[in-house]
K.L.:
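Dropping a structure here in structure tokens format, bear with me for questions.
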Number of protein chains: 2
Amino acid sequence: MPKVSEFQRFLYDNCQLFNNFMVILGKAQKMDQKSRCENCIVRQFNSLRAMTKEELKRVSDSKLMKTVKKGEALFEEGDKLNGVYCVRNGVSKLSKLSANGKDQIVKLATKGEVMGQRSVIVEETANLSAVAVNDMEVCFIPKEAIVNTLHSNPDFTYEVLRHMAHHLKEADDVIVNMSQKTVKQRIAEAFLYLKHNYGEDKDGYLLLTLSREDIANVVGTATESCIRIISEFKKKGLLKSSGKKLGIVDEKGLQDLADGF
Amino acid sequence: MPKVSEFQRFLYDNCQLFNNFMVILGKAQKMDQKSRCENCIVRQFNSLRAMTKEELKRVSDSKLMKTVKKGEALFEEGDKLNGVYCVRNGVSKLSKLSANGKDQIVKLATKGEVMGQRSVIVEETANLSAVAVNDMEVCFIPKEAIVNTLHSNPDFTYEVLRHMAHHLKEADDVIVNMSQKTVKQRIAEAFLYLKHNYGEDKDGYLLLTLSREDIANVVGTATESCIRIISEFKKKGLLKSSGKKLGIVDEKGLQDLADGF
DNA sequence: CGTAAAAGCTGACATATATCATTGTTTGCC
DNA sequence: GGCAAACAATGATATATGTCAGCTTTTACG
């Protein structure tokens with residue numbers, strides 16, 4: 001029934017009542033045992049693990065799974081979020097448009113991470129946009145399920161707090177890096193980050209491939225500068241490439257560079 | 001009794017048991033009614049306002065007041081914090097030393113703000129150093145009082161979470177500004193920030209006076225560049241100065257500049 | 001398969017910013 | 001009041017990075 005999916009799309013793009021409709025449309029999906037939160041391994045990595053069986057059951061009943069294609073947005077800066085997104089698969093970039101028209105990528109969110117928490121907790125519109133870097137599978141969890149649990153289960157609240165505290169530390173560190181390191185250092189760091197967080201294949205190529213533009217937006221530089229520096233790293237034997245894929249050849253060299261020799 | 005204060009200093013600098021001793025030494029102070037948390041207006045601005053009367057009483061019994069002179073550190077990056085600091089008066093800079101030897105000021109903390117929360121919550125050493133920008137009055141609250149309440153009072157935990165979420169948003173915005181705005185824009189923004197958050201006197205001079213070096217460390221630039229741009233702003237009639245004091249003359253002009261014309 | 005669009009690359013050049021060196025000015029303090 | 005130390009100011013110069021423009025390669029897709 002292709003009509004239904006177009007209707008979903010329409011609602012998603014335009015309609016305040018999106019969530020209510022989606023819940024109805026999603027009923028069929030929810031019967032799938034494999035998609036129950038209680039059995040979802042991803043939950044172990046985020047604050048949902050502090051929920052009780054009953055709470056999880058309620059979340060699972062109200063959540064709905066969604067696939068997002070590479071390049072599609074989960075939400076945009078300024079959107080009112082009616083819930084959070086739990087990443088089952090794929091990677092999303094969380095970015096913000098600056099006055100000069102460039103996107104700054106503030107964070108990458110992977111399997112297990114929950115997006116939109118902050119906005120739901122403080123009841124503000126989204127501060128960042130979330131766009132899929134590759135094909136994704138996410139679960140949308142309506143905010144009521146989250147907010148209710150926040151008020152009734154202190155363990156869950158504490159767990160969310162711990163995660164938020166961790167993100168805050170990371171953000172502080174990014175601030176320092178952004179303002180005190182050169183573009184070259186930040187690019188070197190970005191590759192080390194990609195290797196350590198997303199790993200590499202048997203041939204030593206990074207599993208997560210970002211475009212030069214995305215890398216530039218992560219480190220906050222012009223795309224051309226980013227390309228130039230990557231070329232330089234390849235010439236120096238720090239990186240290698242094969243098609244779109246990039247791989248780290250000399251990790252120690254990159255690390256030294258990132259640390260300022 | 002000058003001996004006691006030297007002893008306090010010694011403990012503060014060197015001793016793991018610092019807190020225990022200080023509690024004993026602080027008994028006399030605690031009797032002062034004016035210093036009871038229950039009556040402290042500062043509390044209204046931070047998460048302590050979500051504490052119950054009993055919890056506050058316990059905090060008040062275990063807390064100790066402390067004065068910190070301009071330039072002194074409350075704690076340093078890497079310190080193990082045995083509690084949090086609630087600012088009653090004065091301003092502290094929270095900064096981190098980068099590899100190139102420069103301090104990046106990540107945040108300024110004022111009256112009502114609680115410092116060190118994050119480290120206490122996640123049980124990590126401090127990620128930032130806190131140094132007094134001017135003379136301060138702070139209350140040290142041992143971590144037990146905080147952690148116990150976090151586990152027993154969900155309202156308090158939620159309130160802390162809301163504050164943390166707010167800080168995270170601010171941090172994300174700083175990341176975007178740092179990477180996408182020019183030094184000139186960031187300095188203009190810094191002055192607007194100082195005016196809006198700390199106000200100005202009748203003559204239009206900012207109430208919080210930061211050294212050029214501190215301003216440079218806030219916006220992440222070299223001190224000389226900062227001085228040059230401030231001079232330029234003065235020539236252009238955007239700022240004025242009198243002794244150490246700086247004042248905003250043309251707020252709209254500064255705002256336009258910060259927004260990129 | 002072929003074409004258009006997107007992504008990647010490179011050069012030339014402009015500019016913002018850092019760095020180093022020197023001098024002037026304020027401040028705290030004996 | 002005077003002196004040292006910190007702070008502020010300014011010039012000269014080097015460097016990193018952004019911008020614009022043109023070109024090549026890869027990818028998407030009808």
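First the proteins, then the strands, lettered A, B, ... as listed; each starts at 1.
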K.L.:
Taking atom types as modelled, is there a side-chain donor on A:Q104 or A:S95 under 3.5 Å from an acceptor on the other?
P.N.:
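Judged by distance alone, the side chains do not pair up.
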
K.L.:
OP1 or OP2 of D:dA8 versus the side-chain N and O atoms of B:R212: is any pair under 4.0 Å?
P.N.:
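B:R212 to D:dA8 OP1/OP2: side-chain N or O found under 4.0 Å.
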
K.L.:
State whether the side chain of A:N217 and the backbone N or O of A:K102 hold a donor-acceptor pair below 3.5 Å, judged by distance alone.
P.N.:
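Side chain of A:N217 to backbone of A:K102, a donor-acceptor pair under 3.5 Å: no, none is there.
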
K.L.:
For the helix from C:dC1-D:dG30 to C:dC30-D:dG1, measure the angle between the helix axis at one end and the axis at the other, each built from five pairs, rounding to 10°.
P.N.:
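What I find for the helix from C:dC1-D:dG30 to C:dC30-D:dG1 is an axis angle of 50°.
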
K.L.:
Report yes or no: does A:T182 contribute a side-chain atom to a donor-acceptor pair with the main-chain N or O of A:Q185 at less than 3.5 Å?
P.N.:
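The answer is yes, because a donor-acceptor pair under 3.5 Å joins these two groups.
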
K.L.:
Does anyone know the first and last nucleotide of DNA chain C in reach of chain A, 5' to 3', at under 4.0 angstrom to a heavy atom?
P.N.:
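So the outermost contacting nucleotides come out as C:dA7 to C:dA12.
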
K.L.:
Give a yes-or-no answer on whether the side chains of A:H196 and A:E251 include a donor-acceptor pair shorter than 3.5 Å.
P.N.:
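Side-chain D/A pair, A:H196 to A:E251: present.
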
K.L.:
Assign B:T223 to base, sugar-phosphate, or nothing according to its heavy-atom contacts below 4.0 angstrom with the strands shown.
P.N.:
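No contact.
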
K.L.:
Side-chain contact test, heavy atoms from C-beta onward, threshold under 4.5 Å: evaluate it for A:L208 versus A:Y193 and give yes or no.
P.N.:
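No; the side chains remain at least 4.5 Å from each other.
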
K.L.:
Rounded to the nearest 0.5 Å, how far apart are CE of B:M178 and CG of B:D173?
P.N.:
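The distance works out to 12.0 Å.
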
K.L.:
Could you walk me through whether A:Y85 and A:F75 pass ring-ring contact (aromatic ring centres under 6.0 Å, His included), step by step?
P.N.:
CA-CA 10 Å; A:Y85 295 86; A:F75 53 84; 5.8 Å; yes

K.L.:
For each nucleotide in nucleotides 12-30 of chain D, reading 5' to 3', give B when a protein heavy atom comes within less than 4.0 Å of its base, S when such contact involves only the sugar-phosphate, and - otherwise.
P.N.:
B----SBBB------S---

K.L.:
Should we count NZ of B:K245 as having more than 12 external heavy atoms under 6.0 Å?
P.N.:
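Counting other residues, nucleotides and ligands, NZ of B:K245 exceeds 12 neighbours.
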
K.L.:
When you measure from the side chain of B:S129 to the backbone N and O of B:E77, does any donor-acceptor pair fall under 3.5 Å?
P.N.:
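At least one qualifying donor-acceptor pair exists.
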
K.L.:
Between B:K96 and A:D172, does any NZ, NE, NH1 or NH2 come within less than 4.0 Å of an OD or OE carboxylate oxygen?
P.N.:
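Result for this pair is no, no salt bridge flagged.
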
